[in-house]
Colleague: 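Here's a structure for you.
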Amino acid sequence: RVCATLACSLITGSIGLATWKLDRFVSVDGLTKDAQLTTVPVIHSGQRLEVNARTLPGGSLAVELLDAGGRPLGKLSRRVKGDNLRHAIHWDDENFVASLRGKPVMLRFHLAGAEFYTFAFR
């Protein structure tokens, strides 16, 4: 009990638990028809690109790779749908990502009804 004056009050406390999926603490939500997020230049050593994302019904996510100056390096990836911690991103040329290893690239994520969390080159 804490009594500062004649009116005393009880201090109560509680314990709670919050859980969420791996790497899903913060997201970029592109809930409009074509929201975009572009990264700063990154240099990777991977062979493929994966994203942690969830799309709403009818939504999708696609990725575009750009050079360090922001110019497109190729076509937009195939769109992914659904809820997956490791969506594999695919282009028509399956060696496209690997061919850019060691070079600075920017990623532009095209979100349409999607929640985007993270990306990784693996």
Side-chain angles (χ1 to χ4, degrees):
R1 292 184 147 229
V2 175
C3 294
T5 62
L6 293 177
C8 293
S9 64
L10 292 176
I11 296 176
T12 60
S14 60
I15 296 174
L17 174 66
T19 62
W20 52 84
K21 288 186 177 183
L22 180 69
D23 294 331
R24 290 220 171 154
F25 187 66
V26 176
S27 68
V28 172
D29 298 339
L31 304 179
T32 61
K33 186 175 179 181
D34 189 26
Q36 296 179 358
L37 169 71
T38 304
T39 69
V40 298
V42 297
I43 297 175
H44 74 89
S45 60
Q47 294 186 12
R48 67 184 188 280
L49 175 65
E50 295 177 349
V51 297
N52 178 346
R54 180 177 82 90
T55 63
L56 304 174
S60 66
L61 179 145
V63 183
E64 183 178 16
L65 293 178
L66 316 167
D67 67 14
R71 291 175 295 276
L73 293 170
K75 296 179 181 179
L76 201 62
S77 73
R78 296 181 195 138
R79 293 195 169 269
V80 295
K81 297 179 179 190
D83 185 356
N84 195 327
L85 297 175
R86 293 178 75 172
H87 284 287
I89 303 298
H90 297 282
W91 282 265
D92 291 338
D93 176 1
E94 289 298 324
N95 295 317
F96 182 51
V97 172
S99 71
L100 299 170
R101 278 187 295 216
K103 300 175 185 173
V105 294
M106 297 166 61
L107 296 90
R108 180 171 293 147
F109 297 94
H110 295 263
L111 310 167
E115 297 169 355
F116 169 69
Y117 297 92
T118 60
F119 70 92
F121 289 98
R122 300 194 191 277

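No hydrogens, no waters, no symmetry mates; every other heavy atom, side chains included, goes into these values. Numbering of residues begins at 1 and proceeds along the displayed sequence.
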Colleague: List, by chain and then residue number, the residues other than Y117 in its hydrophobic cluster (Ile/Leu/Val/Met/Phe/Trp/Tyr, side-chain heavy atoms under 4.5 Å); write none if there are no others.
Modeller: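 So far as hydrophobic clustering goes, Y117 is joined with none.
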
Colleague: Looking only at non-hydrogen atoms, find the nearest pair between P104 and P41 and report the distance.
Modeller: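 Nearest heavy atoms, P104 then P41: CB-CB, 4.3 Å.
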
Colleague: Among pairs that include at least one residue of residues 39-48, which meet side chain to side chain donor-acceptor pair (under 3.5 Å), considering only residues two or more places apart or in two chains?
Modeller: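 Matches after skipping sequence neighbours: R48-E50.
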
Colleague: Identify the heavy atoms of S60 and A114 that sit nearest to each other, and give their distance.
Modeller: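 Heavy atoms only, the tightest pair is O-CB, 3.7 Å.
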
Colleague: Show the nearest heavy-atom pair for residues H87 and G82, with the distance to one decimal.
Modeller: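 In this case the closest contact between H87 and G82 is NE2-O, 3.5 Å.
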
Colleague: Given side chains that start at C-beta, do those of R86 and R122 come closer than 4.5 Å, heavy atoms only?
Modeller: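 The answer is yes; the side chains approach within 4.5 Å.
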
Colleague: Apart from L56 itself, which Ile, Leu, Val, Met, Phe, Trp or Tyr residues share its cluster (side-chain heavy atoms under 4.5 Å, direct or through members)?
Modeller: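 L31, listed by chain and number.
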
Colleague: If you link I, L, V, M, F, W and Y whenever their side-chain heavy atoms are under 4.5 Å apart, who else ends up in the same group as V28?
Modeller: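 In the cluster with V28 are L37, V42, L49, V51, L61, V63, L65, L73, V80, I89, W91, F96, V97, L100, V105, L107, F109, L111, F116, F119, F121.
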
Colleague: Could you report the tightest heavy-atom contact between D83 and R54, atom names first, then the distance?
Modeller: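 Nearest heavy atoms, D83 then R54: OD2-CD, 3.5 Å.
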
Colleague: Could you go through L66 and T38, starting from their C-alpha distance and side-chain angles, then the distance that decides it, and tell me whether this counts as side-chain contact (heavy atoms from CB on, under 4.5 Å)?
Modeller: CA-CA 9 Å; L66 316 167; T38 304; 4.0 Å; yes

Colleague: Hey, are E94 and R78 close enough for a salt bridge, meaning a charged N less than 4.0 Å from a carboxylate O?
Modeller: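 Judged by the 4.0 Å cut-off on N to carboxylate O distance, E94 and R78 do form a salt bridge.
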
Colleague: Taking side-chain hydrogen bond (donor to acceptor under 3.5 Å, both in side chains) as the test, write out the residues that go with T118, two or more places apart.
Modeller: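 For T118, no residue satisfies side-chain hydrogen bond (donor to acceptor under 3.5 Å, both in side chains) once neighbours in sequence are set aside.
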
Colleague: Under 3.5 Å, side chain of N95 to main-chain N/O of S99, donor-acceptor pair present?
Modeller: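 Such a contact is absent between N95 side chain and S99 backbone.
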
Colleague: In the hydrophobic clustering that connects Ile, Leu, Val, Met, Phe, Trp and Tyr at side-chain heavy-atom distances below 4.5 Å, which members other than L76 occupy its cluster, ordered by chain and number?
Modeller: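 Traced through the cluster, L76 reaches no other member.
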
Colleague: Which pair of heavy atoms, one from R79 and one from H110, lies closest together, and at what distance?
Modeller: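 Looking at all heavy atoms of both residues, the shortest contact is NH1-O, 3.9 Å.
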
